[in-house]
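The sequence lines fix the lettering, A, B, ..., with proteins before strands; numbering per chain opens at 1.
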Amino acid sequence: MTTYDAGAVTLRKVRDYVWEMPKQGDMRVPARVFASEALLDEISDDKTLEQLRNATHLPGITKYAICMPDGHQGYGFPVGGVGAMDARDGCISPGAVGYDINCGVRMMTTNLTYDDVQGHEQELVESLFANVPSGLGGGGVFEGTVGDVDAILEDGVQWALRNDWAVPEDLEHCEDEGKRPDADPTAISQKAKDRGKNQIGSLGSGNHFLEVQRVTDVYDDEVADAFDLTEDQVVVLIHCGSRGLGHQTCNDYLRRIEKTHAGLLDSLPDRELAAAPAGSQLADEYYGAMCAAINFAWVNRQLIMHRTRQVFEQVFDRDWRDMEMHLLYDVAHNIAKKEHHQVGVDADGTVVADDGDAVEYETRELYVHRKGATRAFPAGREEVPPAYRAVGQPVIIPGSMGTGSYVLRGGERSMHETFGSTAHGAGRLMSRTQAKKEYRGGDVQTALREHDRIYVKAQSGATVAEEAPGVYKDVDEVVRVSDALGIGDRVARTFPVCNIKG
DNA sequence: ATGTGC
């Protein structure tokens with residue numbers, strides 16, 4: 001038996017790229033890490049595996065706790081973690097969703113080629129920077145009232161459509177058509193709404209960005225065709241979340257859950273895993289609030305995308321429709337969703353980790369927590385929009401501003417292995433503090449411009465240093481593992497042209 | 001990630 005010794009824990013190799021942490025002590029289920037040995041070396045470098053083991057203590061966790069190839073430590077629960085808790089007798093945990101509720105990415109395609117854009121990069125990056133608000137604090141493309149925020153929380157991208165910030169096809173190309181029906185705006189605090197009202201349509205800071213990219217590689221012609229992707233094509237990638245509103249909401253519910261469900265909290269190995277039992281009032285309230293914050297983040301990305309269309313109109317002096325600036329897809333990276341999944345059970349009706357041990361299958365309703373993980377539903381699932389149902393949903397995985405990004409499609413194995421999920425990005429190699437010691441923002445910018453013709457403009461030089469390409473893991477390796485596992489298949493690769501960030 | 005600590 002091949003094992004991987006990670007100090008405090010030893011992992012058993014199940015098969016290529018699949019490692020299991022056996023169930024021991026108070027663990028309710030085993031844990032599985034989906035990674036190559038090279039990525040395991042990085043995953044075992046911080047508290048990721050300890051947090052993964054802690055997550056197996058959560059009530060109702062089904063089958064196993066999951067760590068993706070880009071996993072690293074987060075608040076209580078790993079970033080790159082997936083936990084599916086029974087919606088009837090399990091729990092929901094804000095720490096397993098993340099502070100930035102519905103942090104995610106959307107990609108917009110165009111009919112422009114790299115040739116059309118070359119020579120305009122400076123003007124484009126300046127105009128994007130001037131027109132798309134970024135950085136910490138307030139200022140969005142739309143300054144609303146708390147009443148507007150309520151409507152956004154309730155209706156998601158339908159609000160944007162009513163207010164001329166969207167066209168109907170945008171809704172068809174967004175997860176859940178840009179609206180979570182379970183959203184409950186009354187479950188969002190006044191403080192969170194106040195923080196949100198002047199951040200509608202704003203990138204924020206940290207690893208959030210807007211990037212103009214060119215498609216450099218197509219790996220699957222048939223799927224790329226369905227996604228309308230071709231080599232040399234210019235696309236736009238937008239990565240941001242729910243800003244202060246989502247952060248405040250996560251914080252509000254963590255504090256309330258800690259107080260109200262102190263007994264459950266005492267049974268867990270880490271306070272940061274605080275969870276509300278399924279069926280409790282607070283579980284329903286948090287779920288309603290989280291769904292509302294999801295809607296807010298979708299509207300945020302929608303407004304940024306629509307403003308980007310206007311910037312392209314200005315720079316290229318053409319109507320955005322002529323440039324065929326269509327939303328490919330919008331995917332959430334930090335979310336919990338009630339979903340129905342088939343699980344294998346043994347003769348006693350107990351869920352088994354390995355489908356090979358199942359005597360039959362049952363369908364369960366689960367709170368699928370994806371924290372730094374992407375839904376990757378394969379062809380045929382009804383949740384995949386009609387335009388993509390024959391090939392599987394688009395999965396968008398951003399890399400760093402110097403290495404490019406990937407488009408994948410939901411893989412056939414994802415429903416069996418990972419509750420229909422795959423990785424979400426490259427994952428950090430070093431802390432922000434360490435990054436600022438290693439790099440200077442100005443030097444990073446100059447190197448990218450001179451070596452790679454990538455135009456970067458940021459509010460803060462420190463952010464450029466913190467986000468330097470060298471602070472990230474190898475996104476190629478993360479995607480290679482996803483593809484090899486069959487949970488998310490490579491479709492195309494992009495390379496940056498212009499990047500704006502906080 | 002975040003009006004960058006509680």
Side-chain angles (χ1 to χ4, degrees), chain A residues 46-48 51 70-81 93-105 133-140 143 146 149 188-200 202-210 238-256 258-259 271-272 274 289-290 293-294 296-298 300-301 304 331-336 369-374 398 400-401 424-437 441 458-467 471-472 501-502:
Chain A
D46 59 19
K47 292 189 168 151
T48 311
Q51 291 186 332
D70 53 339
H72 60 93
Q73 74 179 62
Y75 180 90
F77 190 94
V79 176
S93 172
V97 172
Y99 262 90
D100 190 0
I101 297 166
N102 193 11
C103 177
V105 286
S134 63
L136 283 170
E143 304 272 333
V146 167
V149 173
I188 301 272
S189 69
Q190 193 63 36
K191 194 173 175 185
K193 289 173 187 173
D194 277 330
R195 285 182 72 172
K197 70 183 180 205
N198 63 348
Q199 297 185 328
I200 304 160
S202 67
L203 280 174
S205 186
N207 64 352
H208 291 162
F209 62 79
L210 183 156
I238 294 162
H239 179 201
C240 61
S242 50
R243 303 294 326 276
L245 182 140
H247 189 272
Q248 186 65 46
T249 300
C250 179
N251 209 51
D252 288 343
Y253 279 92
L254 280 170
R255 299 294 90 84
R256 288 180 62 193
E258 284 166 2
K259 267 191 200 164
R271 288 189 64 78
E272 295 183 352
M290 182 196 53
I294 289 169
F296 184 88
W298 274 330
N300 191 25
R301 292 197 282 276
I304 291 169
V331 295
H333 286 166
N334 277 9
I335 208 166
H369 298 67
R370 297 189 183 91
K371 179 187 187 181
T374 315
S400 75
M401 61 183 164
H424 86 305
R428 291 192 81 82
L429 268 179
M430 65 176 87
S431 70
R432 296 183 176 278
T433 316
Q434 184 63 29
K436 278 182 280 196
K437 288 182 196 153
Q459 297 284 353
S460 144
T463 303
V464 178
E466 289 172 9
E467 295 299 316
V471 316
Y472 280 98
K501 60 207 305 97

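For the pair A:S205 and A:E466, the minimum side-chain heavy-atom distance is 4.5 Å or more. Residues A:I188 and A:D252 fail the side-chain proximity criterion, which asks for heavy atoms closer than 4.5 Å. Side-chain contact check for A:V79 versus A:R428: every heavy-atom pair is 4.5 Å or farther apart.
For the pair A:D252 CG and B:dC6 P, the computed distance is 14 Å after rounding to whole Å. Per the geometry, CG belonging to A:L254 stands 16 Å off C1' belonging to B:dG5, to the nearest Å. The separation between A:N102 atom CG and B:dT2 atom C1' is 16 Å, rounded to whole Å. Atom-to-atom, CD of A:Q248 to C1' of B:dT2 comes out at 10 Å; the value is rounded to the nearest Å. Straight-line distance from the OH atom of A:Y99 to the C1' atom of B:dT2: 9 Å, rounded to whole Å. Counting to the nearest Å, the P atom of B:dG5 and the CZ atom of A:R255 are 15 Å from each other. The distance from atom OH of A:Y75 to atom P of B:dG5 is 15 Å, rounded to the nearest whole Å. We find that CG of A:L203 is positioned 15 Å from C1' of B:dT2, with the value rounded to whole Å.
Using a 4.0 Å heavy-atom distance criterion, A:K371 is classed as making no nucleic acid contact. Within 4.0 Å of A:E466, counting heavy atoms only, lies no atom of the nucleic acid at all.
Applying the ring pair (Phe, Tyr, Trp, His ring centres under 6.0 Å) test to A:F209 and every residue at least two apart in sequence or in another chain returns A:H239. Residues satisfying the ring pair (Phe, Tyr, Trp, His ring centres under 6.0 Å) criterion with A:Y75, sequence neighbours excluded, are A:Y99.
At a non-hydrogen distance threshold of 4.0 Å, A:R243, A:G244 from residues 238-245 of chain A come into contact with DNA chain B.
The main-chain N or O of A:A192 is found under 3.5 Å from a side-chain atom of A:S189 such that the two form a donor-acceptor pair.
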